[in-house]
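See structure below.
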Amino acid sequence: MVEQVVEPRIRGFISVTAHPEGCAANVRAQVEVAKQGLAGMPRLGPTLVVGSSTGYGLATLLSACFGLDAPVLGVCFERESSEEKLGTAGWYNLAEAHRLAQAEGRHLETVNGDAFSDEVKTQVIDALRERYGPIELLVYSLAAPRRTDPASGAVWHSVLKPVGADFHDKTVNLRTNEVEEASIEAATPEEIEGTRHVMGGEDWAEWVRRLQEAGLLAPGFRTVAYSYVGPVLTQAIYRHGTIGLAKEHLEATAGELTASLSDLDGHAWVSVNKAVVTQASAAIPAVGLYVSLLLKVMKERGTHEGTIEQIVRLLRTQVGPGVEPQPDDAGLIRLDDLELEPDVQAAVAEAWARVSTENLREISDYDGYQADFQRLFGFGVEGIDYSAPTEVHRPLV
Ligand code: NAD
């Protein structure tokens, strides 16, 4: 037993501490949404989630495991807890997911390591072969700052920069809570290429190739990777920036993968999800401010969805067992339909034009944004006594 009082130590868009019990409560709340939202659906077969510990990947793992009764294997890159050191939020999320799965007799395993490496792919293949059998669904939900190319050893970096012209626009500084101008120089060709190597479709394709070669894809296999499009307001930094070009590559990869899966009658999809507060999205300039404005508008209209609600909708209406996807003309699954409704975007754009440090909390839901952000690390969760010592070493059972 190693009990201690855990306090937030937030540094800009990251908290260097995470509260184990707060993270556990977040997971339990998501599990409830998944169970209710997916009740009555057929059971899902063996499922692999790459990027399984936080954000959209965690919501996918919880939905598949607890909502659709699937045996699930997750892959993530987290700092595990020890007697001496706190684990990361993702670690504590999975510690609770494993505990619940064991208590309910479900099959959940985690491989914690670099998903880009050959070693982790081999470890996953061995685990699937020994304990799962061919998978029905692979969800690819990585958001990573770098990737070491296993063949050449080259290290690629993902950057969040505009392409073709410098970026000057509003952003909210998460350290000072001030609305200020962000200025970011246009990316170099090397940075554009590096981001594509990290966040494009290469590694997704490599996972599918290795699993197919190992005979571990079930007939009718489906794979889904997550993408984002977003509004005109953020397009200079997002969709037309380095990350957007990488997402275009990811989207093109889906077509190539579908062709390679024809013998299995398999299909690769990209799901364009809505903007939500995650560790990855908090790092993107201007997006924090946009999401704060969006939250206010969508909550007022009653159309707000969080990460788990989006994934429950994805499984229930698009890629869950027995469901036929309804892609748009470009072949993309669109879960960002409510975010991009013209009246929602018009209201956000109108507020964007006049938002300042002085009116930030009045015309946006910056308080809600900050609360969501702190909750990612287990802080500000209802029912948790933050003055009480809590067990910090939580192994994955
Ligand atoms: P996140 O930061 O919450 O999750 C990233 C996951 O990747 C974590 O589980 C982390 O452990 C894992 N990971 C990172 N590097 C790894 C590595 N080398 N090996 C193994 N695991 C590794 O991010 P998120 O926002 O949930 O993003 C997931 C996907 O969803 C991304 O493709 C993102 O572009 C997409 N998306 C996000 C949003 C949003 O608003 N957050 C919107 C639409 C789409």
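Both ligands and their constituent atoms are indexed starting at 1 by order of listing. Index from 1, following the sequence.
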Stepwise side-chain hydrogen bond (donor to acceptor under 3.5 Å, both in side chains) test for R210 and T122: CA-CA 9 Å; R210 292 275 315 262; T122 302; 3.0 Å; yes
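In this structure, I384 and F379 have side chains that are not in contact, with every pair of non-hydrogen atoms separated by 4.5 Å or more.
Using a 4.0 Å cut-off between charged nitrogen and carboxylate oxygen, R28 and E96 count as a salt-bridge pair. With respect to the salt-bridge test (charged N to carboxylate O, under 4.0 angstrom), the residues R209 and E202 do not qualify. Remark: E180 does not engage R175 in a salt bridge, criterion side-chain N to carboxylate O under 4.0 Å. In summary, R394 and E21 engage in a salt bridge, as defined by a charged side-chain N under 4.0 Å from a carboxylate O. With salt bridges taken as basic N to acidic carboxylate O contacts below 4.0 Å, none links K274 and D336. Taking the charged nitrogens against the carboxylate oxygens, E185 and K161 have no contact shorter than 4.0 Å, which rules out a salt bridge.
With respect to atom 10 (C) of ligand 1, the closest heavy atom belonging to the protein is S53 OG, 3.7 Å. Closest to atom 26 (O) of ligand 1, if we only count protein heavy atoms, is Y56 N, 2.8 Å. Of all protein heavy atoms, the one closest to atom 27 (O) of ligand 1 is A143 CB, 3.8 Å. Of the protein's heavy atoms, T278 OG1, 2.6 Å lies nearest to atom 25 (O) of ligand 1. Nearest non-hydrogen protein atom to atom 16 (C) of ligand 1 is F77 CB, 3.6 Å. Counting protein heavy atoms only, atom 35 (C) of ligand 1 is closest to Y226 CB, 3.8 Å. Considering only non-hydrogen protein atoms, atom 22 (C) of ligand 1 sits nearest to L142 CD2, 3.3 Å. Counting protein heavy atoms only, atom 28 (C) of ligand 1 is closest to S141 OG, 3.1 Å.
Within ligand 1, counting atoms from 1 as listed, the ones closer than 4.0 Å to a heavy atom of A275 are 40 (O). Against a heavy-atom cut-off of under 4.0 Å, D114 is close to the following atoms of ligand 1: 17 (C), 18 (N), 19 (N). Listed by atom number, the atoms of ligand 1 under 4.0 Å from E78 heavy atoms are 10 (C), 11 (O). With ligand atoms numbered from 1 in the order given, ligand 1 contributes 11 (O), 20 (C), 21 (N) to contacts under 4.0 Å with heavy atoms of C76. Set against the non-hydrogen atoms of G55, the atoms of ligand 1 under 4.0 Å away are 3 (O), 26 (O). Listed by number with element, the atoms of ligand 1 under 4.0 Å from a non-hydrogen atom of S52 are 9 (O). Each of the atoms 15 (N) of ligand 1 lies under 4.0 Å from some heavy atom of A144. Each of the following atoms of ligand 1 lies closer than 4.0 Å to a heavy atom of G113: 19 (N), 20 (C).
With 3.5 Å as the limit, one finds a donor-acceptor pair spanning the side chains of E251 and S227. Using a 3.5 Å distance cut-off with no hydrogens or angles, the side chains of R361 and T357 do not pair a donor with an acceptor. No hydrogens or angles considered: a donor-acceptor pair under 3.5 Å links the side chains of T223 and W204.
Here CG of L295 is found 11.0 Å from CD of E300. Values are rounded to the nearest 0.5 Å.
For the pair R222 (side chain) and H267 (backbone), a donor-acceptor distance under 3.5 Å is absent. Put simply, the side chain of R316 gets close to the backbone of G37: a donor and an acceptor are under 3.5 Å apart.
Residue contacts with ligand 1: K247 is included, with a non-hydrogen atom under 4.0 Å away. Note on ligand 1: P145 sits outside its first shell, no heavy atom being nearer than 4.0 Å.
Looking at I243, N112, T54, V287 and measuring to atom 1 (P) of ligand 1, the nearest heavy atom belongs to T54.
For N273, no nitrogen or oxygen atom sits less than 3.5 Å from a nitrogen or oxygen atom of ligand 1, counting backbone and side chain alike. Polar contact with ligand 1: present for V276 (N/O pair, distance under 3.5 Å). Of the N or O atoms in V75, none lie within a sub-3.5 Å distance of an N or O in ligand 1. Where the criterion is an N or O separation shorter than 3.5 Å, residue side chain and backbone included, Y228 fails it with respect to ligand 1. Taking any N or O of F116, backbone or side chain, none lies under 3.5 Å from an N or O belonging to ligand 1.
Aromatic ring orientation, Y369 versus F373: parallel (interplanar angle below 30°, classes split at 30° and 60°).
Contact annotation: for S227 versus ligand 1, heavy atoms closer than 4.0 Å belong to the backbone alone. Counting heavy atoms closer than 4.0 Å to ligand 1, residue R147 contributes nothing at all.
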